[in-house]
Amino acid sequence: MSIAEITNLDMPELHPFLQLSERQLLHCNEPEPGMFVAESPNVIRRALEAGYCPVSFLIEKTQLSGPVAELLSVYPDIPVYTSERCVLETITGYSMTRGVLCLMKRKKLSDPLDFFQKMRRIAVLEDVMNPTNVGAIFRSAAALGVEAILLTKGCSDPLYRRSARVSMGTVFQVPWGYLKTENWAEQLHSCGFVTVAMALREDSLALDDPVLSEIPRLAVVLGTEGDGLKSSTIAHCDYTVRIPMANGVDSLNVAAASAVAFWQLCRRKQ
């Protein structure tokens with residue numbers, strides 16, 4: 001393996017980890033796809049299994065054996081930069097989970113129309129901006145039977161480091177893509193989907209209403225933190241659904257709500 005000790009922070013190879021924000025990495029190769037940073041052995045492994053190409057590794061010395069060694073052995077030509085934890089935290093500005101990062105090349109995003117048309121249960125995220133919530137939603141989607149996730153342009157990037165880490169790498173397993181038009185509800189309807197808006201409305205259906213479980217193709221629509229879905233979005237959806245609350249609590253965090261909704265709405269009679 002090509003392992004290099006970090007001798008100073010001016011090494012040009014450290015530039016992507018030290019000086020480029022995630023947004024800058026996203027756009028660094030335009031018009032070609034950019035790069036992203038994956039964190040922790042499990043997340044990196046799932047990214048590699050999904051066909052993402054590694055560029056370099058940044059690893060704490062104490063982590064060069066064990067699970068990380070197995071990853072590195074598969075890519076002996078990919079450079080590995082290592083040092084003590086305090087040095088790596090100076091480079092990244094945060095404490096690294098399991099002491100390993102991997103700089104990876106992005107792949108060209110698929111058009112959502114290319115992959116979701118034959119699916120039965122999908123989710124739509126409207127302007128969910130918190131990467132932790134996006135990651136948690138992906139993890140719930142993978143675990144509870146959601147086959148794809150579509151995002152509006154206002155959503156946080158699923159491949160941002162925190163999002164991918166919180167998702168436990170499921171952002172590399174669940175197909176996803178960005179919606180390109182404002183009339184995406186009409187697109188879903190034209191593909192045979194019934195749309196369900198998760199919103200706080202008194203005239204909404206109960207989450208366990210039998211009519212929902214009988215729908216052959218269903219899109220669960222979730223909105224941004226705090227404000228929820230836009231009024232126009234709710235108006236264009238076929239149903240509005242509310243999760244019953246107790247003890248004066250009016251709503252759940254969008255990530256928690258997604259898990260409850262996916263559990264109920266993605267259980268379908270075979």
Side-chain angles (χ1 to χ4, degrees), residues 22-23 25-38 43 46-53 104-198 217-224 229-230 233 236-237 254-255 258 261-262 265-266:
E22 292 190 296
R23 185 169 180 80
L25 286 172
L26 170 63
H27 296 288
C28 66
N29 292 329
E30 289 184 335
E32 297 301 316
M35 295 187 288
F36 67 96
V37 173
V43 172
R46 283 181 169 165
L48 295 171
E49 291 172 350
Y52 289 88
C53 296
M104 310 190 88
K105 296 179 181 177
R106 288 177 178 262
K107 297 191 291 188
K108 185 177 180 180
L109 281 177
S110 300
D111 187 322
L113 289 173
D114 294 337
F115 62 74
F116 78 80
Q117 295 193 54
K118 295 183 179 180
M119 295 176 176
R120 300 184 306 177
R121 292 294 187 267
I122 65 173
V124 178
L125 307 187
E126 181 183 76
D127 300 346
V128 179
M129 296 173 284
N130 186 308
T132 297
N133 285 336
V134 170
I137 293 170
F138 266 85
R139 188 173 182 180
S140 293
L144 300 172
V146 174
E147 298 166 277
I149 294 180
L150 311 181
L151 306 97
T152 63
K153 293 180 181 179
C155 287
S156 178
D157 187 338
L159 298 192
Y160 279 173
R161 177 186 61 86
R162 184 182 296 274
S163 180
R165 177 172 60 78
V166 171
S167 82
M168 292 297 291
T170 55
V171 293
F172 307 113
Q173 296 177 313
V174 178
W176 60 274
Y178 285 102
L179 295 158
K180 297 181 178 180
T181 64
E182 294 296 325
N183 64 338
W184 51 264
E186 294 178 17
Q187 283 188 321
L188 293 178
H189 290 147
S190 68
C191 294
F193 279 94
V194 172
T195 51
V196 170
M198 301 300 301
R217 309 184 72 202
L218 188 67
V220 184
V221 186
L222 296 141
T224 185
L229 291 169
K230 299 174 183 176
T233 298
H236 283 93
C237 287
V254 65
S258 74
F262 296 164
L265 298 177
C266 294

message: Would you say that F172 contacts L48 through its side chain, given a criterion of any heavy-atom pair below 4.5 Å between the two side chains?
response: no
message: Quick one about H189 and T195 (side-chain donor to acceptor, distance below 3.5 Å, no hydrogens or angles considered), yes or no?
response: yes
statement: side chain to side chain contact (heavy atoms under 4.5 Å, CB included) with Y178: of D111, L151, L150, only one passes, and it is L151
- request: Give, for atom CG of L188 and atom OG of S190, the distance between the pair rounded to the nearest 0.5 Å.
  value: 7.5 Å
task: Answer yes or no on whether K107 is positioned over the face of Y52, meaning its NZ or CZ is under 6.0 Å from the six-membered ring centre and within 45° of the axis.
output: yes
query: For the ring pair F36 and Y160, is the centre-to-centre distance below 6.0 Å?
result: no
task: Please report the closest heavy-atom contact between P158 and S163, naming both atoms and the distance.
output: O-OG, 3.3 Å
message: Let me confirm one number: the NE2-CD distance from H236 to E186, rounded to the nearest 0.5 Å.
response: 6.0 Å
- prompt: Any Lys/Arg nitrogen of K153 or D127 sitting under 4.0 Å from an Asp/Glu carboxylate oxygen of the other?
  reply: no
- prompt: Is there a side-chain contact between M198 and S258 (heavy atoms, below 4.5 Å)?
  reply: no
- prompt: Please walk me through it: do T233 and E126 pass side chain to side chain donor-acceptor pair (under 3.5 Å)?
  reply: CA-CA 9 Å; T233 298; E126 181 183 76; 2.4 Å; yes
message: Check this for me: does any side-chain nitrogen of one of D157 and R106 sit under 4.0 Å from a carboxylate oxygen of the other?
response: yes
Nearest-0.5 Å distance, NZ of residue K230 to CD of residue E182: 6.0 Å
- prompt: Between M168 and R46, is any pair of side-chain heavy atoms under 4.5 Å apart?
  reply: yes
statement: The single option from V221, V124, L222, T224 that satisfies side chain to side chain contact (heavy atoms under 4.5 Å, CB included) with L229 is V221
